[in-house]
Q: 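Attaching a single structure in structure tokens format; questions to follow.
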Amino acid sequence: MSQARAIIADDHPLFRSAMKQAVLSALGGEILETANLGDTLKMLETQASVELVFLDLNMPGNQGLTGLTCIRNAFPSVQVLIVSAEEDPDIIRRAMDFGASGYIPKSAPLERIEQAVTQVLDGEPWLPDDLQNLVGQSVDRENRQFAEKLALLTPHQFKVLCMLADGLLNKQIAYEMDVQETTIKQHVSAILRKLQVINRTQAGVLFKRFMER
């Protein structure tokens with residue numbers, strides 16, 4: 001059995017099937033499928049051979065860019081190609097700022113998908129020709145600065161930040177992560193320092209502001 005090289009993460013079975021056929025034309029090895037962010041993260045934990053994730057922005061468990069940043073934080077060697085029906089230049093620019101290797105519109109023909117896969121595996125970011133100029137017209141320094149700070153967090157600290165942003169207390173986060181509350185307090189202190197904010201409320205608000213559209 002060949003090793004899995006990619007995961008197609010989308011909650012629409014028909015689209016996953018069509019996307020799988022397109023990806024197989026450009027990428028050898030097994031192509032896996034998931035329908036929500038949680039299953040995608042679990043699969044990445046058990047499939048060390050995966051190089052690419054084709055991630056839908058609007059599937060269960062994924063709010064805005066949260067899924068992208070979760071994957072990039074926990075699995076930095078895995079490249080993420082966003083696949084979405086949305087073609088808003090601001091959303092695309094933000095996705096690239098937060099670590100996406102490319103952005104494929106769901107309307108893209110087979111040859112574009114093949115081109116995207118080949119270019120990303122060669123280490124080059126990919127955007128459709130008709131969107132490159134629009135996305136590159138302006139640079140959002142705030143996005144990039146926050147992305148740089150977010151990259152400083154460890155995977156555990158990132159998980160704590162996600163739950164903190166959802167309003168969970170230290171005791172609740174400790175229960176979810178099966179650790180002592182003192183450990184969570186240490187994580188929160190490190191998060192505040194790395195994000196350069198003064199309290200947990202500010203950290204949560206900042207995270208939601210940049211992650212959710």
Side-chain angles (χ1 to χ4, degrees), residues 7 9 36-38 40-45 50-84 86 88-103 120 123 125-127 135-136 138-170 172-174 176-177 179 183-213:
I7 297 173
N36 59 69
L37 180 61
T40 305
L41 294 172
K42 289 178 183 177
M43 192 167 286
L44 283 168
E45 291 175 357
V50 170
E51 301 173 58
L52 285 175
V53 173
F54 296 86
L55 181 67
D56 180 17
L57 285 182
N58 297 308
M59 69 175 183
N62 186 21
Q63 295 181 327
L65 301 178
T66 303
L68 167 64
T69 53
C70 277
I71 294 172
R72 293 295 299 143
N73 181 272
F75 308 95
S77 64
V78 174
Q79 302 199 66
V80 181
L81 276 164
I82 300 297
V83 183
S84 177
E86 299 202 40
D88 182 339
D90 180 61
I91 293 173
I92 299 173
R93 180 169 49 248
R94 289 173 59 207
M96 301 301 287
D97 285 343
F98 282 95
S101 295
Y103 199 103
V120 167
W126 187 89
L127 289 173
V135 172
S138 63
V139 176
D140 192 321
R141 292 182 179 177
E142 281 191 322
N143 272 348
R144 294 193 176 180
Q145 288 174 351
F146 187 68
E148 290 170 359
K149 293 174 183 177
L150 213 57
L152 299 175
L153 302 182
T154 67
H156 281 158
Q157 289 167 0
F158 187 87
K159 289 180 182 178
V160 171
L161 176 59
C162 289
M163 287 187 274
L164 185 155
D166 286 335
L168 273 66
L169 302 174
N170 286 352
Q172 294 170 309
I173 298 174
E176 292 293 332
M177 296 182 67
V179 297
T183 301
I184 300 303
K185 290 180 180 179
Q186 292 171 355
H187 283 324
V188 171
S189 295
I191 291 167
L192 300 185
R193 183 179 69 255
K194 291 178 180 180
L195 296 187
Q196 298 178 0
V197 295
I198 59 174
N199 57 51
R200 58 191 292 130
T201 300
Q202 190 177 2
V205 169
L206 196 63
F207 182 76
K208 283 188 172 292
R209 171 188 164 196
F210 283 99
M211 292 298 101
E212 297 181 3
R213 292 168 291 165

Q: Do Gln79 side-chain atoms and Val120 backbone N/O form a donor-acceptor pair below 3.5 Å?
A: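 Yes; judged by distance alone, with no hydrogens or angles, the pair exists.
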
Q: May I ask you to decide if Thr201's main-chain N or O and Asn199's side chain share a donor-acceptor pair within less than 3.5 Å?
A: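 The answer is yes, because a donor-acceptor pair under 3.5 Å joins these two groups.
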
Q: Nearest 0.5 Å, what's the CG-CZ distance between Leu65 and Arg94?
A: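 If we round to the nearest 0.5 Å, Leu65:CG and Arg94:CZ are 5.0 Å apart.
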
Q: With side-chain contact (heavy atoms from CB on, under 4.5 Å) as the criterion, how do Ile92 and Glu86 come out once you've worked through the C-alpha distance, each side chain's angles and the decisive distance to 0.1 Å?
A: CA-CA 9 Å; Ile92 299 173; Glu86 299 202 40; over 6 Å; no

Q: Counting C-beta onward and ignoring hydrogens, is there a side-chain heavy-atom pair between Asn170 and Arg200 closer than 4.5 Å?
A: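 Contact flag for Asn170/Arg200 side chains = yes.
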
Q: Can you name the nearest heavy-atom pair linking Leu81 to Gly102, along with the distance?
A: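 Closest pair (atom of Leu81, atom of Gly102, distance): CD2-CA, 3.4 Å.
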
Q: If you look at every heavy atom in Gly167 and Gln172, which pair is closest and at what distance?
A: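 Heavy-atom minimum between the residues: O-OE1, 4.3 Å.
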
Q: Taking all atoms of both residues into account, what is the closest heavy-atom pair of Ile82 and Ala95, and its distance?
A: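 For Ile82 versus Ala95, the nearest heavy atoms are CG1-CB, 4.2 Å.
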
Q: For Phe210 and Asn143: C-alpha separation, side-chain torsions, deciding distance, then whether side-chain contact (heavy atoms from CB on, under 4.5 Å) applies.
A: CA-CA 7 Å; Phe210 283 99; Asn143 272 348; 3.2 Å; yes

Q: I want to check something: taking the side chain as every heavy atom from C-beta on, are Ile71 and Leu41 in contact at a cut-off of under 4.5 Å?
A: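 They are in side-chain contact.
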
Q: Do Thr183 and Met177 have side chains that approach each other closer than 4.5 Å (heavy atoms only, starting at C-beta)?
A: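 Side chain of Thr183 against side chain of Met177, heavy atoms only: no contact under 4.5 Å found.
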
Q: Nearest heavy-atom pair of Pro155 and Ala74: which atoms, and what distance?
A: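 For Pro155 and Ala74, the tightest heavy-atom pair comes out as CG-CA, 4.3 Å.
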
Q: Any chance you could measure Phe98, atom CZ, to Leu68, atom CG, to the nearest 0.5 Å?
A: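 CG of Leu68 is found 9.0 Å from CZ of Phe98.
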
Q: Aromatic rings Phe158 and Phe207: how do their planes relate, parallel, tilted or perpendicular, breaks at 30° and 60°?
A: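 The rings of Phe158 and Phe207 stand perpendicular, inter-plane angle above 60°.
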
Q: Do Leu150 and Lys194 have side chains that get closer than 4.5 Å, going by heavy atoms?
A: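 No, their side chains stay 4.5 Å or more apart.
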
Q: Please report the C-alpha distance between Val83 and Asp56 in whole Å, then the side-chain angles of each, then the deciding distance to 0.1 Å, and finally whether the side-chain contact (heavy atoms from CB on, under 4.5 Å) criterion is met.
A: CA-CA 5 Å; Val83 183; Asp56 180 17; 5.7 Å; no

Q: Does Arg93 come within less than 4.0 Å of Asp90, counting only side-chain N to carboxylate O?
A: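 Salt bridge between Arg93 and Asp90, a charged N being under 4.0 Å from a carboxylate O: yes.
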
Q: Do Gln196 and Gln145 touch side chain to side chain, with heavy atoms closer than 4.5 Å?
A: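 A side-chain contact under 4.5 Å is absent here.
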
Q: Can you name the residues that form a side-chain contact (heavy atoms from CB on, under 4.5 Å) with Ser189, not counting sequence neighbours?
A: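 Result, side-chain contact (heavy atoms from CB on, under 4.5 Å) vs Ser189: none returned.
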
Q: Keeping Asp97 on the side-chain end and Ala147 on the backbone end, is there a donor-acceptor pair under 3.5 Å?
A: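 Side chain of Asp97 to backbone of Ala147: no pair is present.
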
Q: Side chains of Val160 and Ile184: closer than 4.5 Å at any heavy-atom pair?
A: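 Yes, at least one pair of side-chain atoms sits under 4.5 Å.
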
Q: Evaluate whether atom NZ of Lys149 has more than 12 neighbouring non-hydrogen atoms of other residues, nucleotides or ligands under 6.0 angstrom away.
A: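 Yes, the 6.0 Å shell around NZ holds more than 12 heavy atoms from other groups.
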
Q: Would you give the length of the straight line joining atom CD of Glu142 to atom CZ of Arg209, rounded to the nearest 0.5 angstrom?
A: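 Between Glu142 CD and Arg209 CZ, I get 4.5 Å after rounding to 0.5 Å.
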
Q: Please report the C-alpha distance between Thr40 and Asn62 in whole Å, then the side-chain angles of each, then the deciding distance to 0.1 Å, and finally whether the side-chain contact (heavy atoms from CB on, under 4.5 Å) criterion is met.
A: CA-CA 11 Å; Thr40 305; Asn62 186 21; over 6 Å; no

Q: What I'd like to find out is whether the side chain of Leu161 reaches to under 4.5 Å of the side chain of Leu195, using heavy atoms alone.
A: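 Side chain of Leu161 against side chain of Leu195, heavy atoms only: contact under 4.5 Å found.
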
Q: Nearest 0.5 Å, please: how far is CG in Leu57 from CD1 in Ile91?
A: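 Answer rounded to 0.5 Å: 7.0 Å.
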
Q: Between the side chain of Arg72 and the main-chain N/O of Ala100, is any donor-acceptor distance below 3.5 Å?
A: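 No, because the side chain of Arg72 does not come within donor-acceptor range (under 3.5 Å) of the backbone of Ala100.
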
Q: Identify the heavy atoms of Ala9 and Val53 that sit nearest to each other, and give their distance.
A: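 Between these two residues, the closest heavy atoms are CB-CG1, 4.5 Å.
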
Q: Working to the nearest 0.5 angstrom, can you tell me the gap between Leu44 CG and Cys70 SG?
A: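 Taking CG in Leu44 and SG in Cys70, the distance rounds to 11.0 Å.
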
Q: What is the distance from atom CD1 of Ile191 to atom CZ of Arg193, rounded to the nearest 0.5 Å?
A: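 CZ of Arg193 is found 10.0 Å from CD1 of Ile191.
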
Q: Does some side-chain heavy atom of Leu127 sit less than 4.5 Å from a side-chain heavy atom of Met96?
A: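 Yes; the side chains approach each other to less than 4.5 Å.
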
Q: Considering all heavy atoms of both residues, which atom of Gln157 and which atom of Ala190 are nearest to each other, and what is their separation?
A: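 Here Gln157 and Ala190 meet closest at NE2-CB, 3.4 Å.
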
